[in-house]
Q: 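Next up is a structure, given as structure tokens.
Start at 1 and go down the list; that is how both ligands and their atoms are numbered. We're numbering straight along the sequence, starting at 1. What you see is a predicted model; the values in this text were computed from it and never measured. Just so it is clear, the values below take in all heavy atoms, side chains as well, and ignore hydrogens, waters and symmetry mates.
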Amino acid sequence: MPEATIPAEFEVYRFDPAKDRAPRYQRYSLDLAPHTPVLSALLRIRAEQDPTLTLRYSCRSAICGSCAMQVNSKSRLACETQIGPEMERHGTIVVEPMRNQPVLRDLVVDQAPFWQQYEGIEPHLILDPQHPMPEGRATSMTPAQVERFKETPRCIACAACYSACPAVSADPGFPGPMALAKLYRFVVDPRDTAARARLVRIQPNGLWLCLRCHLCTEACPKDVRPSERIRDLKELAIAEQGGTENGSRHAVGFKENIRDRGLLSEMKIVRQTSGVLGLASQAGQGIRIWRKKPEILKRPPPIEGLDELEKIYEALDTPPKEGS
Ligand code: FES
């Protein structure tokens, strides 16, 4: 029996910077089995309808990472995204190139910014040059040590996380989720001798620009969960240096602030984050807020059950037992 098909409508981003003034969207229609991957559909469009359509792919098995693109506004691997659910949810399949990287043509982007950020974190072990493996340091790691970064080797560098990241869009200097997840892998590797230097270097120009939106984790096809690795890096940075940046001061201040009364004191958190001068620089905004909502600038009264909150803090501050 022939396989059942559904009508699938595609709107595909087309742009050749050498010839076109602006991008356009081209419509294509095909009858396809619902489980057909978007990549297979695009290849059929190219073979049967438009040989000029330009895209990048290789393995067609969700291994090489080269077919990452925007499918209905989500960063996805085209070779593992099936058309059936997309048609069901959106009624059409809009295919666009990845974000945060310049378009070379149609669905192909220049990945240079992504790889430059990766190179910037020095993605290799830095050993002690005098004593590559000092006596007493194990040459292999324990299972518990490997467990700490077990997710990051799954990364296939598809850049879906980089494309999804609003912090990269806002500041191209932000290293991006993949570079930071890889950085975490070296920071917690007991053989690496540069963990502290890596943490100190990444803080002012990168780490604290993460918005904690978790879009990178949603986009990652390999469950590396970059946003969780960035959170881990932030915790390590605070443990190493305390509050030295606006971002780390905000995190430390927020924790203290809530512990004090169970509610955030807006005035106090601004002072804790930016200092007295920072507070003064935001006086105009403070006055505008105060006019609309005067209570926001008052220190909140303690909440009921503050002792229960304290127990949570104590549990959080207790280091986990070895091996747990
Ligand atoms: S073509 Fe290799 S991951 Fe999709």
Q: Going by an N to O cut-off under 4.0 Å, is there a salt bridge joining R46 and D106?
A: no
Q: Answer yes or no: is there a side-chain heavy-atom contact under 4.5 Å between L77 and C158?
A: yes
Q: I need the protein N, O or S atoms closer than 2.8 Å to atom 4 (Fe) of ligand 1, given as residue plus atom name.
A: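 Less than 2.8 Å away from atom 4 (Fe) of ligand 1 sit C67 SG, C79 SG.
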Q: Sequence neighbours excluded and cut-off under 3.5 Å, please list the side-chain donor-acceptor pairs for residues 206-217, or say none.
A:
residue	atom	partner	partner atom	Å
W208	NE1	Q203	OE1	2.7
H214	ND1	S227	OG	2.7
T217	OG1	S227	N	3.2
T217	OG1	S227	OG	2.5

Q: Is it the case that more than 12 heavy atoms not belonging to K268 sit under 6.0 Å from its NZ atom?
A: yes
Q: Is the shortest side-chain heavy-atom distance between E314 and E310 below 4.5 Å?
A: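 Yes, close enough: below the 4.5 Å cut-off.
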Q: So D16 and T54, do their side chains get closer than 4.5 Å, heavy atoms only?
A: no
